[in-house]
K.L.:
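Below is one structure. I have some questions about it.
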Amino acid sequence: MLIELQKNLNHLDFSNLYFLHQADWLSFLLHGQLGISDYHNTLKLGADPETLCYPQWLLEGLNQIFADVPPNLPKILQSGCPIGAVTAEIAEKFNLSKNCLVCAGTTDSIAAFLASGANQPGQAVTSLGSTLVLKLLSHTRVDDARYGIYSHRLGNLWLTGGASNTGGAVLRQFFTDEQLTELSDRINPQQVSPLDYYPLITPGERFPINDPHLLPRLDPRPDRPQEFLHGLLEAMAKIEAKGYGLLQQFGASSLTQVYTAGGGAKNPVWTKIRQRYLQVPVMISPHTEAAYGSAMLAKSDSPNF
Ligand SMILES: Nc1ncnc2c1ncn2[C@@H]1O[C@H](COP(=O)(O)OP(=O)(O)O)[C@@H](O)[C@H]1O
Ligand SMILES: O=C(CO)[C@H](O)[C@H](O)COP(=O)(O)O
């Protein structure tokens, strides 16, 4: 991304500019201070969540790419940490108290984790939205790029996990939400589907297989749509179970319970299929809106773990 920026906008004076995540920009519009981020958004920029610094290899690489005048990287705060009050303009526009504090943010799937109320190592949240994101709270940090496994810091604990390209977006390619509900009711979740799919929209997977060329596997397609859907739901359940299996194999705390957030959470048949593979209680999250988790984070100042 930074290399593309340099190639396409090389007439700019980058030393006056900040590289920001979308959330950092939106937050800036509220509090008016440029160049502030959090340890969740900056993880994939290469930041170290333990030292809250950018690694030397990244800084040196940027100096090389930008001929010693790279854009400024945002300051890294602990998620939930207060940044400052909203600007007078924002307070007036949205009828907010002028003391309303803006806090450092997080990512959507971590917000979904926090919304569930899970706070014990071993508890997990699967976000079944357009993609499939796993978050397992753990005493230990786990990182393994071979499988697309990484860990976000959460207070004194770690949120281990990964994000697969499979998920609801594949289902939406074939079915409307109404069809998903209606056809799911015709599936026996205790019966194993004989179909061996790997549901993707386009080639490429991140986790639990890290292979940018992995091909979708969606054949053979049975005549009866409920059998096709059964194969898709079961394949995604296997991908989820493989993901949690790998996290534990590489040292994450043992899985005890899985909450589900996102559009797929409302499918009880899928929940039963997933439970068959996961072998731990699987239930809908008490709050499936990620925004609820962001609000909890801001209310508590920092993750209480
Ligand atoms: N009954 C259902 N069973 C399984 N998946 C569903 C069902 N209803 C909606 N979905 C899926 O949920 C996804 C939307 O969930 P959402 O959490 O809004 O996604 P996003 O990641 O885009 O925010 C869609 O891709 C859709 O296929
Ligand atoms: O699939 C996604 C976006 O396409 C996920 O939301 C994302 O990869 C998960 O990221 P994070 O662990 O940083 O919350």
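For ligands, and for the atoms within them, numbers begin at 1 and follow the listed sequence. FYI, the numbering just counts along the sequence from 1. Quantities reported herein were computed from a predicted structural model and do not represent experimental measurements.
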K.L.:
Give the atom numbers and elements of ligand 1 that come within less than 4.0 Å of a heavy atom of G262.
P.N.:
17 (O)
K.L.:
Output yes when the distance from some N or O of ligand 1 to some N or O of G263 is under 3.5 Å, and no in every other case.
P.N.:
yes
K.L.:
For a ring pair (Phe, Tyr, Trp, His ring centres under 6.0 Å) check, start with the C-alpha distance between F250 and Y147, then their side-chain angles and the critical distance, and finish with the verdict.
P.N.:
CA-CA 11 Å; F250 291 118; Y147 304 95; 5.3 Å; yes
K.L.:
About how many Å separate OG1 of T42 and CG of L73, when rounded to the nearest 0.5 Å?
P.N.:
9.5 Å
K.L.:
What's the separation between atom CG in L136 and atom CG in L157, rounded to the nearest 0.5 Å?
P.N.:
11.0 Å
K.L.:
Run E234 and R276 through salt bridge (Lys or Arg N to Asp or Glu O under 4.0 Å) and show every step you take.
P.N.:
CA-CA 10 Å; E234 185 127 353; R276 178 153 53 77; 3.1 Å; yes
K.L.:
I'd like to check which ligand 1 atoms, numbered from 1 as shown, lie under 4.0 Å from a non-hydrogen atom of K266.
P.N.:
8 (N)
K.L.:
My question is simple, although I want it checked carefully: is atom 23 (O) of ligand 1 less than 4.0 angstrom from any protein heavy atom?
P.N.:
no
K.L.:
Got the closest protein heavy atom to atom 6 (C) of ligand 1, with its distance?
P.N.:
L180 CD1, 3.5 Å
K.L.:
Which of the listed options, S130, G168, A265, holds the heavy atom that is closest to atom 11 (C) of ligand 1?
P.N.:
G168
K.L.:
Does A169 approach ligand 1 within less than 4.0 angstrom via side chain, backbone, both or neither, non-hydrogen atoms only?
P.N.:
backbone
K.L.:
Select one of side chain, backbone, both or neither to describe which atoms of W270 lie under 4.0 Å from any atom of ligand 1, heavy atoms only.
P.N.:
side chain
K.L.:
List the atom of V86, the atom of S97, and the distance in Å for their closest heavy-atom pair.
P.N.:
CG2-O, 3.9 Å
K.L.:
Closer than 4.0 Å to some heavy atom of L171 - which atoms of ligand 1 meet that?
P.N.:
4 (C), 5 (N), 27 (O)
K.L.:
Before you tell me yes or no, could you show the steps for D177 and R172 under salt bridge (Lys or Arg N to Asp or Glu O under 4.0 Å), namely the whole-Å CA-CA distance, both residues' side-chain angles and the distance that decides it to 0.1 Å?
P.N.:
CA-CA 7 Å; D177 288 3; R172 194 158 266 176; 3.0 Å; yes
K.L.:
Which ligand 1 atoms, with their elements, are less than 4.0 angstrom from a heavy-atom of G264?
P.N.:
4 (C), 5 (N), 12 (O)
K.L.:
Aromatic ring centroids of F228 and H230 under 6.0 Å?
P.N.:
no
K.L.:
At a 4.0 angstrom heavy-atom cut-off, what protein residues surround ligand 2?
P.N.:
K44, T107, D108, S109, T131, V133, K135, Y150, H152, A163, R206
K.L.:
Measure from atom 18 (O) of ligand 1 to the protein's non-hydrogen atoms and state whether any distance is below 4.0 Å.
P.N.:
no
K.L.:
Of all the atoms in ligand 1, which lie at a distance below 4.0 Å from a heavy atom belonging to G129?
P.N.:
15 (O), 16 (P), 17 (O), 19 (O), 21 (O)
K.L.:
If you measure every N/O of N267 against every N/O of ligand 1, is any gap under 3.5 Å?
P.N.:
yes
K.L.:
Go through the steps to decide whether R221 and D219 satisfy the test salt bridge (Lys or Arg N to Asp or Glu O under 4.0 Å), and finish with yes or no.
P.N.:
CA-CA 5 Å; R221 183 165 171 176; D219 289 321; over 6 Å; no
K.L.:
A quick test of your reading: do over 12 heavy atoms of other residues, nucleotides or ligands sit less than 6.0 Å from CD of E92?
P.N.:
no
K.L.:
Determine the minimum heavy-atom distance between R206 and S164, stating which atoms define it.
P.N.:
NH2-O, 3.7 Å
K.L.:
Could R217 and Y198 be counted as a cation-pi pair, given that NZ or CZ must be under 6.0 Å from the ring centre and within 45° of the axis?
P.N.:
no
K.L.:
Would you say that L154 contacts L114 through its side chain, given a criterion of any heavy-atom pair below 4.5 Å between the two side chains?
P.N.:
yes
